[in-house]
Amino acid sequence: PFVPRTMLRVRCLRGGSRGAEAAHLIGAMFGRAVTGWVQRAQRALQSTSSAAVAEPHLEDEHITEPAQDCPVCSYNEWDTLEEVIVGRAENAQVPPFTVEVKANTYEKYWPWYQKYGGQSFPADHLKKAVAEIEEMCNILRHEGVTVRRPEPIDWSMAYKTPDFSSSGMYAAMPRDILIVVGNEIIEAPMAWRSRFFEYRAYRPLIKEYFRKGAKWTAAPKPTMADELYDQDYPIRTVEDRHQLAFQGKFVTTEHEPCFDAADFIRAGRDLFVQRSQVTNYMGIEWMRRHLAPEYKVHVISFKDPNPMHIDATFNIIGPGLVLSNPDRPCREIDMFQKAGWTVVKPPTPLIPDDHPLWMSSKWLSMNVLMLDEKRVMVDANETTIQKMFERLGIETVKVSIRHANSLGGGFHCWTTDVRRRGTLQSYFH
(Lines give C-alpha, C1' and ligand atoms only; values in the text may rest on other atoms or scores of the structure.)
Protein backbone atom coordinates (compact mmCIF):
# COMPACT_ATOMS: atom_id res chain seq x y z
CA PRO A 1 0.00 0.00 0.00
CA PHE A 2 2.96 2.37 0.59
CA VAL A 3 4.10 2.91 -3.02
CA PRO A 4 0.79 3.82 -4.68
CA ARG A 5 -0.03 6.21 -1.88
CA THR A 6 3.18 8.10 -2.60
CA MET A 7 2.53 8.19 -6.33
CA LEU A 8 -1.01 9.40 -5.87
CA ARG A 9 0.08 12.21 -3.57
CA VAL A 10 2.54 13.55 -6.12
CA ARG A 11 -0.10 13.45 -8.82
CA CYS A 12 -2.62 15.31 -6.72
CA LEU A 13 -0.20 17.94 -5.52
CA ARG A 14 0.79 18.67 -9.07
CA GLY A 15 -2.81 19.50 -9.91
CA GLY A 16 -4.23 16.12 -10.93
CA SER A 17 -7.88 15.76 -11.79
CA ARG A 18 -8.81 14.37 -8.39
CA GLY A 19 -8.67 17.89 -7.00
CA ALA A 20 -7.25 19.68 -4.01
CA GLU A 21 -9.41 17.79 -1.51
CA ALA A 22 -7.80 14.49 -2.43
CA ALA A 23 -4.38 16.07 -2.30
CA HIS A 24 -4.98 17.40 1.19
CA LEU A 25 -6.24 14.09 2.55
CA ILE A 26 -3.51 12.01 0.96
CA GLY A 27 -0.91 14.59 1.97
CA ALA A 28 -1.89 14.25 5.60
CA MET A 29 -1.79 10.44 5.36
CA PHE A 30 1.60 10.58 3.69
CA GLY A 31 3.01 12.99 6.22
CA ARG A 32 2.02 10.85 9.19
CA ALA A 33 3.87 7.95 7.61
CA VAL A 34 7.14 9.78 6.96
CA THR A 35 8.89 8.70 10.14
CA GLY A 36 7.87 5.11 9.50
CA TRP A 37 9.76 4.71 6.26
CA VAL A 38 13.14 4.06 7.84
CA GLN A 39 11.61 1.77 10.45
CA ARG A 40 9.92 -0.29 7.75
CA ALA A 41 13.09 -0.53 5.70
CA GLN A 42 15.04 -1.77 8.72
CA ARG A 43 12.41 -4.35 9.56
CA ALA A 44 12.30 -5.55 5.97
CA LEU A 45 16.02 -6.24 6.09
CA GLN A 46 15.69 -8.13 9.36
CA SER A 47 12.73 -10.28 8.42
CA THR A 48 10.81 -11.43 5.36
CA SER A 49 7.61 -11.96 7.29
CA SER A 50 4.55 -9.87 6.51
CA ALA A 51 4.60 -8.54 10.03
CA ALA A 52 7.94 -6.91 9.28
CA VAL A 53 6.41 -4.46 6.84
CA ALA A 54 3.21 -3.72 8.75
CA GLU A 55 2.23 -0.10 9.32
CA PRO A 56 4.27 1.05 12.35
CA HIS A 57 2.93 3.04 15.26
CA LEU A 58 4.24 6.59 14.93
CA GLU A 59 5.10 8.41 18.11
CA ASP A 60 6.56 11.56 16.53
CA GLU A 61 3.63 13.89 15.98
CA HIS A 62 5.82 16.80 14.88
CA ILE A 63 6.32 15.69 11.29
CA THR A 64 2.89 16.54 9.96
CA GLU A 65 0.02 18.13 11.78
CA PRO A 66 -3.24 16.50 10.70
CA ALA A 67 -5.10 19.00 8.54
CA GLN A 68 -8.15 18.85 6.33
CA ASP A 69 -6.95 21.67 4.09
CA CYS A 70 -3.43 22.36 2.87
CA PRO A 71 -2.49 25.98 3.65
CA VAL A 72 -0.55 26.27 0.38
CA CYS A 73 -2.52 26.28 -2.86
CA SER A 74 -2.23 28.79 -5.69
CA TYR A 75 -2.40 28.27 -9.44
CA ASN A 76 -2.43 31.77 -10.88
CA GLU A 77 -2.05 35.48 -10.14
CA TRP A 78 -5.72 36.48 -9.78
CA ASP A 79 -7.88 33.96 -7.87
CA THR A 80 -9.23 35.24 -4.54
CA LEU A 81 -6.24 35.83 -2.26
CA GLU A 82 -6.54 34.21 1.17
CA GLU A 83 -2.99 34.12 2.55
CA VAL A 84 0.14 36.01 1.57
CA ILE A 85 3.75 36.46 2.67
CA VAL A 86 4.81 40.12 2.84
CA GLY A 87 8.51 40.96 2.98
CA ARG A 88 10.46 42.98 5.54
CA ALA A 89 12.54 46.11 5.03
CA GLU A 90 14.08 45.85 8.50
CA ASN A 91 17.89 45.58 8.53
CA ALA A 92 18.09 45.86 4.72
CA GLN A 93 21.63 46.23 3.40
CA VAL A 94 22.92 47.70 0.14
CA PRO A 95 24.44 44.75 -1.75
CA PRO A 96 28.19 44.84 -2.41
CA PHE A 97 28.91 46.26 -5.86
CA THR A 98 29.83 43.02 -7.63
CA VAL A 99 29.63 42.25 -11.35
CA GLU A 100 26.13 40.79 -11.15
CA VAL A 101 24.83 43.80 -9.20
CA LYS A 102 26.41 46.24 -11.66
CA ALA A 103 24.71 44.47 -14.58
CA ASN A 104 21.30 44.83 -12.91
CA THR A 105 21.48 48.46 -11.83
CA TYR A 106 21.50 51.80 -13.61
CA GLU A 107 24.78 53.60 -14.19
CA LYS A 108 23.63 56.77 -12.43
CA TYR A 109 23.57 54.76 -9.17
CA TRP A 110 26.93 53.02 -9.61
CA PRO A 111 28.86 55.60 -7.55
CA TRP A 112 26.24 55.24 -4.83
CA TYR A 113 26.72 51.44 -4.77
CA GLN A 114 30.48 51.84 -4.71
CA LYS A 115 30.15 54.11 -1.68
CA TYR A 116 27.44 52.29 0.29
CA GLY A 117 27.74 48.66 -0.81
CA GLY A 118 27.75 46.39 2.23
CA GLN A 119 26.20 49.09 4.44
CA SER A 120 22.64 49.78 5.52
CA PHE A 121 20.24 51.60 3.24
CA PRO A 122 19.74 55.22 4.40
CA ALA A 123 18.13 55.00 7.85
CA ASP A 124 15.41 57.62 7.33
CA HIS A 125 14.39 56.12 4.01
CA LEU A 126 14.34 52.63 5.49
CA LYS A 127 12.20 53.76 8.43
CA LYS A 128 9.60 55.17 6.02
CA ALA A 129 9.66 51.98 3.95
CA VAL A 130 9.04 49.86 7.05
CA ALA A 131 6.05 52.04 7.98
CA GLU A 132 4.62 51.82 4.46
CA ILE A 133 4.82 48.03 4.42
CA GLU A 134 3.18 47.81 7.85
CA GLU A 135 0.30 49.89 6.50
CA MET A 136 0.14 47.66 3.43
CA CYS A 137 -0.17 44.63 5.73
CA ASN A 138 -2.96 46.31 7.69
CA ILE A 139 -4.89 47.03 4.51
CA LEU A 140 -4.46 43.46 3.29
CA ARG A 141 -5.87 42.21 6.60
CA HIS A 142 -8.77 44.63 6.26
CA GLU A 143 -9.43 43.10 2.83
CA GLY A 144 -9.70 39.67 4.47
CA VAL A 145 -6.22 38.35 3.69
CA THR A 146 -4.07 36.46 6.21
CA VAL A 147 -0.62 38.09 6.29
CA ARG A 148 2.58 36.21 7.18
CA ARG A 149 6.07 37.70 7.51
CA PRO A 150 9.64 36.37 7.24
CA GLU A 151 11.95 36.39 10.23
CA PRO A 152 13.96 39.56 10.97
CA ILE A 153 17.62 38.79 10.33
CA ASP A 154 20.87 40.75 10.64
CA TRP A 155 21.84 41.01 6.96
CA SER A 156 25.07 42.88 7.70
CA MET A 157 26.76 39.65 8.77
CA ALA A 158 29.60 38.70 6.44
CA TYR A 159 29.87 35.12 5.23
CA LYS A 160 32.23 33.03 3.16
CA THR A 161 31.82 29.86 1.13
CA PRO A 162 34.56 27.91 -0.66
CA ASP A 163 33.73 29.98 -3.76
CA PHE A 164 33.00 33.54 -2.65
CA SER A 165 32.53 35.93 0.25
CA SER A 166 29.78 38.50 0.70
CA SER A 167 27.38 40.12 3.13
CA GLY A 168 23.61 39.83 2.94
CA MET A 169 20.90 42.06 1.54
CA TYR A 170 17.32 41.68 2.82
CA ALA A 171 14.12 39.63 2.95
CA ALA A 172 12.03 42.36 1.36
CA MET A 173 10.92 40.63 -1.83
CA PRO A 174 9.51 37.12 -1.21
CA ARG A 175 8.37 37.00 -4.87
CA ASP A 176 12.05 36.77 -5.86
CA ILE A 177 12.78 33.66 -3.83
CA LEU A 178 9.49 31.76 -3.47
CA ILE A 179 6.97 30.56 -6.03
CA VAL A 180 3.87 28.54 -5.26
CA VAL A 181 2.66 26.11 -7.93
CA GLY A 182 -0.42 24.26 -6.75
CA ASN A 183 0.32 22.80 -3.32
CA GLU A 184 4.08 23.10 -3.80
CA ILE A 185 6.26 25.92 -2.53
CA ILE A 186 9.54 26.17 -4.44
CA GLU A 187 12.63 27.98 -3.16
CA ALA A 188 14.53 29.63 -6.00
CA PRO A 189 18.33 29.25 -6.02
CA MET A 190 18.88 33.00 -6.72
CA ALA A 191 21.81 34.53 -8.62
CA TRP A 192 23.18 37.36 -6.48
CA ARG A 193 25.82 36.39 -3.94
CA SER A 194 24.33 38.83 -1.45
CA ARG A 195 21.09 36.81 -1.59
CA PHE A 196 22.64 33.35 -1.15
CA PHE A 197 21.30 32.89 2.38
CA GLU A 198 18.06 34.83 1.96
CA TYR A 199 16.04 31.61 2.28
CA ARG A 200 16.87 31.49 5.99
CA ALA A 201 14.34 34.24 6.73
CA TYR A 202 11.54 32.12 5.24
CA ARG A 203 12.43 28.67 6.55
CA PRO A 204 10.29 28.85 9.73
CA LEU A 205 7.23 29.65 7.60
CA ILE A 206 8.03 27.01 5.00
CA LYS A 207 8.52 24.34 7.67
CA GLU A 208 5.15 25.25 9.15
CA TYR A 209 3.47 24.90 5.76
CA PHE A 210 5.27 21.58 5.18
CA ARG A 211 4.09 20.19 8.51
CA LYS A 212 0.53 21.05 7.51
CA GLY A 213 0.72 19.13 4.25
CA ALA A 214 2.38 21.38 1.66
CA LYS A 215 4.98 20.08 -0.73
CA TRP A 216 8.36 21.81 -0.32
CA THR A 217 11.13 21.87 -2.92
CA ALA A 218 14.43 23.74 -2.81
CA ALA A 219 15.96 24.08 -6.27
CA PRO A 220 19.65 23.11 -6.58
CA LYS A 221 21.74 25.72 -4.84
CA PRO A 222 24.39 27.20 -7.15
CA THR A 223 27.96 27.51 -5.97
CA MET A 224 27.96 31.09 -7.32
CA ALA A 225 31.59 30.54 -8.23
CA ASP A 226 33.25 33.03 -10.59
CA GLU A 227 32.34 30.81 -13.54
CA LEU A 228 28.63 31.63 -13.09
CA TYR A 229 29.30 35.24 -14.10
CA ASP A 230 30.83 36.92 -17.11
CA GLN A 231 33.50 38.80 -15.20
CA ASP A 232 34.18 40.99 -18.25
CA TYR A 233 30.55 41.78 -19.01
CA PRO A 234 31.04 44.90 -21.17
CA ILE A 235 28.40 47.20 -19.76
CA ARG A 236 28.98 50.93 -19.59
CA THR A 237 25.97 52.69 -21.09
CA VAL A 238 22.29 52.20 -21.93
CA GLU A 239 23.36 51.54 -25.52
CA ASP A 240 25.59 48.72 -24.30
CA ARG A 241 22.64 47.22 -22.46
CA HIS A 242 20.42 47.26 -25.54
CA GLN A 243 23.10 45.72 -27.74
CA LEU A 244 23.98 42.96 -25.28
CA ALA A 245 20.30 42.14 -24.67
CA PHE A 246 19.67 42.00 -28.43
CA GLN A 247 22.60 39.59 -28.78
CA GLY A 248 21.24 37.45 -25.95
CA LYS A 249 24.25 38.08 -23.73
CA PHE A 250 23.77 38.23 -19.98
CA VAL A 251 25.99 38.55 -16.95
CA THR A 252 25.03 35.05 -15.79
CA THR A 253 26.49 32.16 -17.77
CA GLU A 254 25.25 28.58 -18.16
CA HIS A 255 27.82 27.25 -15.67
CA GLU A 256 25.06 25.93 -13.39
CA PRO A 257 21.31 26.44 -12.94
CA CYS A 258 20.20 29.72 -11.42
CA PHE A 259 16.93 31.60 -11.36
CA ASP A 260 14.88 34.09 -9.38
CA ALA A 261 11.28 33.05 -8.90
CA ALA A 262 10.12 36.49 -10.03
CA ASP A 263 11.15 35.72 -13.61
CA PHE A 264 8.22 33.27 -13.75
CA ILE A 265 4.55 34.23 -13.88
CA ARG A 266 1.66 31.76 -13.57
CA ALA A 267 -1.54 31.17 -15.51
CA GLY A 268 -2.88 27.80 -14.40
CA ARG A 269 -1.26 24.96 -16.33
CA ASP A 270 1.03 27.43 -18.12
CA LEU A 271 3.94 29.37 -16.67
CA PHE A 272 5.82 32.05 -18.60
CA VAL A 273 9.48 32.89 -17.99
CA GLN A 274 12.19 35.10 -19.42
CA ARG A 275 15.93 34.50 -19.72
CA SER A 276 17.30 37.39 -17.69
CA GLN A 277 20.36 38.66 -15.87
CA VAL A 278 19.48 36.37 -12.94
CA THR A 279 17.70 33.45 -14.64
CA ASN A 280 19.63 31.28 -17.08
CA TYR A 281 18.46 28.57 -19.46
CA MET A 282 19.70 25.82 -17.14
CA GLY A 283 17.50 27.21 -14.39
CA ILE A 284 14.53 27.40 -16.76
CA GLU A 285 15.13 23.82 -17.89
CA TRP A 286 15.28 22.64 -14.28
CA MET A 287 11.86 24.19 -13.65
CA ARG A 288 10.47 22.79 -16.91
CA ARG A 289 11.49 19.22 -16.04
CA HIS A 290 10.43 19.61 -12.42
CA LEU A 291 6.91 20.77 -13.27
CA ALA A 292 6.31 18.54 -16.30
CA PRO A 293 4.01 17.05 -17.42
CA GLU A 294 1.25 18.75 -15.42
CA TYR A 295 2.54 22.25 -16.22
CA LYS A 296 4.12 23.79 -19.30
CA VAL A 297 6.88 26.39 -19.06
CA HIS A 298 7.03 28.84 -21.97
CA VAL A 299 10.08 31.04 -22.60
CA ILE A 300 9.19 34.52 -23.81
CA SER A 301 11.40 37.55 -24.44
CA PHE A 302 11.15 41.31 -24.52
CA LYS A 303 12.88 44.31 -26.01
CA ASP A 304 14.42 45.06 -22.63
CA PRO A 305 17.94 46.38 -22.08
CA ASN A 306 18.04 45.04 -18.53
CA PRO A 307 15.79 42.00 -18.07
CA MET A 308 15.40 41.07 -14.42
CA HIS A 309 12.04 39.83 -13.09
CA ILE A 310 9.09 39.61 -15.42
CA ASP A 311 6.35 41.23 -13.34
CA ALA A 312 7.09 44.88 -14.19
CA THR A 313 7.22 43.93 -17.86
CA PHE A 314 4.50 41.31 -18.34
CA ASN A 315 2.00 40.98 -15.50
CA ILE A 316 -0.92 38.57 -15.94
CA ILE A 317 -3.88 39.98 -13.97
CA GLY A 318 -6.78 37.76 -15.01
CA PRO A 319 -7.80 34.83 -17.20
CA GLY A 320 -6.62 35.88 -20.63
CA LEU A 321 -5.77 39.41 -19.43
CA VAL A 322 -2.21 40.74 -19.25
CA LEU A 323 -0.48 44.07 -18.68
CA SER A 324 2.31 44.42 -21.24
CA ASN A 325 4.90 47.16 -20.75
CA PRO A 326 4.86 49.43 -23.85
CA ASP A 327 8.54 50.28 -23.33
CA ARG A 328 9.48 46.59 -23.34
CA PRO A 329 7.28 44.94 -25.96
CA CYS A 330 6.96 41.17 -25.90
CA ARG A 331 8.44 39.57 -29.00
CA GLU A 332 5.96 36.69 -28.80
CA ILE A 333 2.85 38.81 -28.21
CA ASP A 334 1.18 37.33 -31.30
CA MET A 335 0.79 33.95 -29.63
CA PHE A 336 -1.16 35.54 -26.78
CA GLN A 337 -3.39 37.46 -29.16
CA LYS A 338 -4.00 34.32 -31.23
CA ALA A 339 -5.00 32.56 -28.00
CA GLY A 340 -7.67 35.22 -27.50
CA TRP A 341 -5.96 37.10 -24.69
CA THR A 342 -6.54 40.80 -24.08
CA VAL A 343 -3.24 42.70 -24.00
CA VAL A 344 -3.40 46.00 -22.10
CA LYS A 345 -0.63 48.59 -22.26
CA PRO A 346 -0.45 50.45 -18.94
CA PRO A 347 0.08 54.24 -18.91
CA THR A 348 3.43 55.89 -18.32
CA PRO A 349 4.32 55.90 -14.58
CA LEU A 350 3.94 59.15 -12.66
CA ILE A 351 6.75 58.63 -10.14
CA PRO A 352 9.01 61.74 -10.24
CA ASP A 353 12.52 61.58 -11.67
CA ASP A 354 14.12 62.69 -8.41
CA HIS A 355 12.67 59.82 -6.38
CA PRO A 356 15.45 57.27 -5.73
CA LEU A 357 14.91 53.91 -7.41
CA TRP A 358 18.18 52.21 -6.57
CA MET A 359 17.16 48.79 -7.82
CA SER A 360 14.33 49.15 -10.33
CA SER A 361 12.65 51.27 -12.99
CA LYS A 362 9.58 53.47 -12.72
CA TRP A 363 7.45 50.68 -14.16
CA LEU A 364 6.78 49.35 -10.67
CA SER A 365 3.47 51.13 -11.27
CA MET A 366 2.29 47.99 -13.13
CA ASN A 367 3.77 45.66 -10.50
CA VAL A 368 0.35 45.26 -8.90
CA LEU A 369 -1.13 42.56 -6.67
CA MET A 370 -4.52 41.12 -7.60
CA LEU A 371 -6.71 40.42 -4.56
CA ASP A 372 -9.19 38.74 -6.89
CA GLU A 373 -10.34 39.22 -10.48
CA LYS A 374 -12.13 42.45 -9.57
CA ARG A 375 -9.82 43.96 -6.91
CA VAL A 376 -6.24 45.14 -7.31
CA MET A 377 -3.73 46.67 -4.91
CA VAL A 378 -2.22 49.67 -6.68
CA ASP A 379 -0.02 52.64 -5.79
CA ALA A 380 -2.05 55.52 -4.37
CA ASN A 381 0.03 58.04 -6.32
CA GLU A 382 -0.42 56.40 -9.72
CA THR A 383 -3.77 57.92 -10.69
CA THR A 384 -3.52 57.13 -14.42
CA ILE A 385 -3.18 53.39 -13.90
CA GLN A 386 -6.00 53.54 -11.34
CA LYS A 387 -8.24 54.96 -14.08
CA MET A 388 -7.08 52.19 -16.42
CA PHE A 389 -8.20 49.56 -13.92
CA GLU A 390 -11.52 51.31 -13.42
CA ARG A 391 -12.12 51.15 -17.18
CA LEU A 392 -11.44 47.42 -16.97
CA GLY A 393 -14.07 47.10 -14.23
CA ILE A 394 -11.50 46.39 -11.51
CA GLU A 395 -11.76 48.08 -8.10
CA THR A 396 -8.52 49.67 -6.88
CA VAL A 397 -7.24 49.28 -3.33
CA LYS A 398 -4.86 52.21 -2.99
CA VAL A 399 -1.69 52.08 -0.90
CA SER A 400 1.42 54.27 -1.01
CA ILE A 401 4.75 52.43 -0.88
CA ARG A 402 7.01 54.92 -2.66
CA HIS A 403 9.88 54.54 -0.19
CA ALA A 404 9.49 50.76 -0.27
CA ASN A 405 9.68 50.98 -4.09
CA SER A 406 13.22 52.26 -3.72
CA LEU A 407 14.31 48.85 -2.43
CA GLY A 408 13.43 47.28 -5.75
CA GLY A 409 9.80 46.24 -5.86
CA GLY A 410 6.10 47.02 -6.07
CA PHE A 411 3.19 45.15 -4.52
CA HIS A 412 3.77 41.97 -6.53
CA CYS A 413 7.47 41.89 -5.63
CA TRP A 414 6.83 42.55 -1.94
CA THR A 415 4.54 39.51 -1.70
CA THR A 416 4.23 35.81 -2.42
CA ASP A 417 0.68 34.51 -2.52
CA VAL A 418 0.50 31.35 -0.46
CA ARG A 419 -3.16 30.48 -0.96
CA ARG A 420 -5.72 31.57 -3.50
CA ARG A 421 -9.24 30.16 -3.68
CA GLY A 422 -9.38 28.47 -7.08
CA THR A 423 -8.76 25.34 -9.13
CA LEU A 424 -6.20 24.29 -11.70
CA GLN A 425 -7.33 25.28 -15.19
CA SER A 426 -5.82 25.93 -18.60
CA TYR A 427 -6.07 29.49 -19.92
CA PHE A 428 -3.62 29.31 -22.84
CA HIS A 429 -4.55 27.36 -25.96
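The heavy-atom pair separating T415 from M136 by the smallest distance is CG2-CE, 3.4 Å.
Separation of the Y233 and F250 ring centroids does not fall under the 6.0 Å cut-off. Taking the six-membered ring for Trp, Y116 and F121 have ring centres at least 6.0 Å apart. Aromatic ring centroids of W78 and Y427 lie under 6.0 Å apart. Two rings, from F97 and Y109, have their centers 6.0 Å or more apart.
In this structure, E395 does not pair ionically with K374, as no charged nitrogen and carboxylate oxygen lie closer than 4.0 Å. Salt-bridge formation is not detected for the pair E90/K127: no Lys NZ or Arg NE/NH1/NH2 atom is positioned less than 4.0 Å from an Asp or Glu carboxylate oxygen. Checked for salt-bridge contact, E198 and R88 miss the test: no charged N lies under 4.0 Å from a carboxylate O. Remark: E285 engages R289 in a salt bridge, criterion side-chain N to carboxylate O under 4.0 Å. Salt bridge annotation for R266-D417: present, with a cationic side-chain nitrogen under 4.0 angstrom from a carboxylate oxygen.
Applying the ring pair (Phe, Tyr, Trp, His ring centres under 6.0 Å) test to every pair with at least one member in residues 371-399, sequence neighbours left out, gives no pairs at all.
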Please report the C-alpha distance between S167 and S156 in whole Å, then the side-chain angles of each, then the deciding distance to 0.1 Å, and finally whether the side chain to side chain contact (heavy atoms under 4.5 Å, CB included) criterion is met. CA-CA 6 Å; S167 53; S156 66; over 6 Å; no
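For the side chain to side chain donor-acceptor pair (under 3.5 Å) test, residues two or more places apart in sequence or in another chain that qualify with D263 are Q274, S276, T279. With sequence neighbours excluded, the residues forming a side chain to side chain donor-acceptor pair (under 3.5 Å) with E143 are R375, listed by chain and number.
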